[in-house]
Amino acid sequence: MRVKVIFSLVKNQIIAAKPLEQMFSSASKNGKQNKVLPLLLKIFGLLAISISFIFIIGSSYFGYLYISKSLNIIEKGIALCAFSSTIFLLFISTTFLENVYFRGKDVSLWKLLPISKAEFFLARFIASYCYSLLTNIIVTVPLIVGIFVYVGINSLTIISSFILFFFLPILPVVLSSLLVTIKVYVFKGKSIKIVDFLLNNLPFILCILYLSKSSNEMIELVSSDLIQSQITGYQNYISNIGSLPYFSLMGSMFINGDSLLIFIIISLIVFSLSSLIIAPLYEICLHFVNDANNKTAIRKKSKKVKDTNIKKSSILFSLIKREFYVIIGEKGFVSESFSEAFVPLILIIVWKITGSLDSINNMLDALASNRYFIPGVFLIIQLFAAMVLISSTSVSREGKSFKLNKLLPLRVNTIIKSKVLFHLLFVTVLQVIYLVAFIIFLKIKLNLLLWMIPLFVLNSINISLSGLLIDYRNPRLEWDSATSAMKRNMNAFIGMGFALLVIAPSILILFFFDNFILLAFIISLIILVLLYKSTNKVASRILSLS
Amino acid sequence: MINFKNLSKQYQEGKPFAVKNLNLEVPSGEIFGFLGPNGAGKSTTINMLMGVLSPTSGEIFVDEYSVSKDSFLTKSMIGFVPDEPLFYEKMTGMQHLSFICDVFNIEESKRDESAKKLVKLFNLENAINDRISSYSHGMKQKLGVIAALIHEPKFLVLDEPMVGLDPKASFILKDVMRRFCEKGGTVFFSTHVMEVAQNLCDSIAIINKGEIVLRTSLKNFNEKENASLEKVFLEITGNEDLESVVDEALL
């Protein structure tokens, strides 16, 4: 095993992928280099997104730490937060590690060079850890700040914080590497959509199941009027999760030096053991992936589509179909598009199975008469819609074939309309599913929700246009996997934030003014006109000449 | 007619021009070969003609229409075969042709007939209903040529069209180009293969370092020059003594 080769591979993997540069990359217009202002805007945008993430995660961690401090179980509180961070990192890693290890385009290049599989595997393992370390800033820094506030700053908390920061990503990287390797091994390298979907969401589902078990009990106790019951509810919830062995070590290492040492040793053992388990499987798995790819190629050749005549359709319909073909063009696009959109539905079903939904129903019964209840339901459904990445990555997804838009005689507004309509088709189906879920599971009356439909459609168009505006401004056309075109595409995050901004006025009107639905409708309509004009302008710039 | 007027392209300020003050007129009904070494500015010129790149200065006219002002019209008149085939890989060959016909608004009766004829001509009948992702490079190139011809354009622009084609397909394409011109169409194509240019073209231009260094009709060239086009090309582009360069490098 050559250490120099391994580090050179890690360096090249990170340099070639250029995670930071990709975040800031933009299609240069007229060959002019981007100057200070666009760069500042990008940095500002990135900071705004990071701060909002840190704020969301930090506020919940602060809540847990505050309660656990009051209940004298602060180490359990830290353990609970570390558990959440681990699950978050695990959720992020499983979605792209299969490409990093087995399906990345550079894997084929490496096979031609005299590098052993063990060296390559270890290099990829370390590179994955480095990627996780970047994401770790968002999830662990708020926790460390919380610990400094509630435990205090001393030499042990400072050392433990460093250890927590650098060692916390080990478990998620190890687990996700194991998961993808086992998946490839069991399915002999075949890529099965439903399995990919389940694997991508497995950590999330397991976490929700585990948390639901404890939160079910907590909700019931916290809903009671008795303060003692409420305290017990919180205590049980935090204790249940904080008692998990590995995480309780993370909690107690801020108070006890011995735990710190044990945690370091266990983490290193986990890292080494998992490498020893995965490394021998890696070579076999690579062969499986190769064989599966060859078999798919042969199968594809023999598979004929019965479509021998070329019927005429309108340009708009043809372009909508084109969007569909782009989505199915990469296996990952299908699962990326659907998994994000259906996560809330999975959540509702999991809550139904674990019984949490009944407790939520009881709470909702009490809230039903509240004037904020229906706007609240509206807000939730709109938030689900804003999570859809269909439009905010629509241009990036086209990749190399984006050039066809420039070569063919297509009008910019026709292309935009086709993308918006495709988004609407997808989101309408999704929102109907959510409406039905709300009616069935949360027992909300249909007539209370019917008025929302026109506003849903209008806001969905606005969400789509805002996503397209972001993606046309700076499409990421060069990518090596579906994840980099969608989930690891900054446009998806910026688009999500912008979509929330765009639907916020109508939601605020519904929240703060009674019977002002028409006003919300008119405001959304004005936003639509403005967005359409801006999108058209930005798209014309990139689609006409560069 | 395709008319390039004082066309220049500079990708970045302070950097050399990729295309410099190019003036060129390609008359209708001609097969025009656009030759030049790698990085000479061929693809940049073709990309400007197709409206993918904007010129730093100058204009291109396709018939009387300006590419920058009436790009929708000019694109409608051109059938283009790029150097690297561009497709939506999950479509079948036939679905791609259908998409192209929709974009160019071709009548249903006409598109069916043209598709059948061209698919048979390029021997893609057995693969046309397969997904494009399963095609070889040559098959993709053939499909690209069919897609460029199916909407019966007035102009045919081809960037290195022979790359990846088998001898039979290459022969057919050359024949198609000739017949296309006989019917009044204009072919503008770039190539590295000098024999193809010498045997096929009515006229040629050689571009080097962004500037046209030779513009001649092949008839004139064959009459005046007593040498192969390849030799003249190497002389003009500054590689006249290649044998000694190879000797020096290998020794």
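Residue numbers begin at 1 in each chain, while the letters A, B, ... track the order of the sequences. All values below were derived from every heavy atom in this structure, side-chain atoms included, with hydrogens, water molecules and symmetry-related copies excluded.
Applying the 6.0 Å contact sphere to OH of B:Tyr65 captures no more than 12 heavy atoms from other residues, nucleotides or ligands. Residue B:Phe17 qualifies as enclosed at atom CZ: its count of foreign heavy atoms under 6.0 Å is above 12. Surrounding NZ of B:Lys20 are at most 12 heavy atoms belonging to other residues, nucleotides or ligands under 6.0 Å away. By the neighbour-count criterion of 12 heavy atoms within 6.0 Å, atom CD of B:Glu107 is sparsely surrounded, having that number or fewer from other residues, nucleotides or ligands.
Residue contact with chain A, scored on non-hydrogen atoms closer than 4.5 Å, involves the backbone of B:Phe87 exclusively.
One distance of note links OG of B:Ser109 with NZ of A:Lys312; it measures 9.0 Å at 0.5 Å rounding. The structure places OG of B:Ser71 at 11.0 Å from CG of A:Leu407, a figure rounded to the nearest 0.5 Å. Taking SG from B:Cys101 and CD1 from A:Ile315, the interatomic distance works out to 11.5 Å, rounded to the nearest 0.5 Å. To the nearest 0.5 Å, the span separating CE on B:Met91 from OH on A:Tyr325 amounts to 6.0 Å.
Annotation: side chain of B:Tyr88 is in contact with side chain of A:Glu398 (closest heavy-atom distance under 4.5 Å). Side-chain contact between B:Met50 and A:Lys406: absent, with no pair of heavy atoms (C-beta onward) separated by less than 4.5 Å. B:Phe104 places a side-chain heavy atom less than 4.5 Å from the side chain of A:Leu408. In this structure, B:Asn47 and A:Lys403 have side chains that are in contact, with non-hydrogen atoms separated by less than 4.5 Å. No side-chain heavy atom of A:Ile327 sits less than 4.5 Å from a side-chain heavy atom of B:Lys90.
With B:Asp102 contributing its side chain and A:Ser313 its backbone, the two residues share a donor-acceptor pair below 3.5 Å.
Among residues 75-85 of chain B, the residues having any heavy atom closer than 4.5 Å to a heavy atom of chain A are, in sequence order, B:Lys75, B:Ser76, B:Phe80, B:Glu84.
In terms of heavy-atom proximity, A:Leu404 sits nearest to B:Leu86 at CD1-O, 3.8 Å.
Listed by chain and residue number, A:Tyr185 satisfy the ring pair (Phe, Tyr, Trp, His ring centres under 6.0 Å) test with A:Phe288 (two or more places apart in sequence, or in another chain).
Annotation: cation-pi geometry not satisfied between A:Arg322 and B:Phe99 (NZ/CZ under 6.0 angstrom from ring centroid, within 45° of ring axis).
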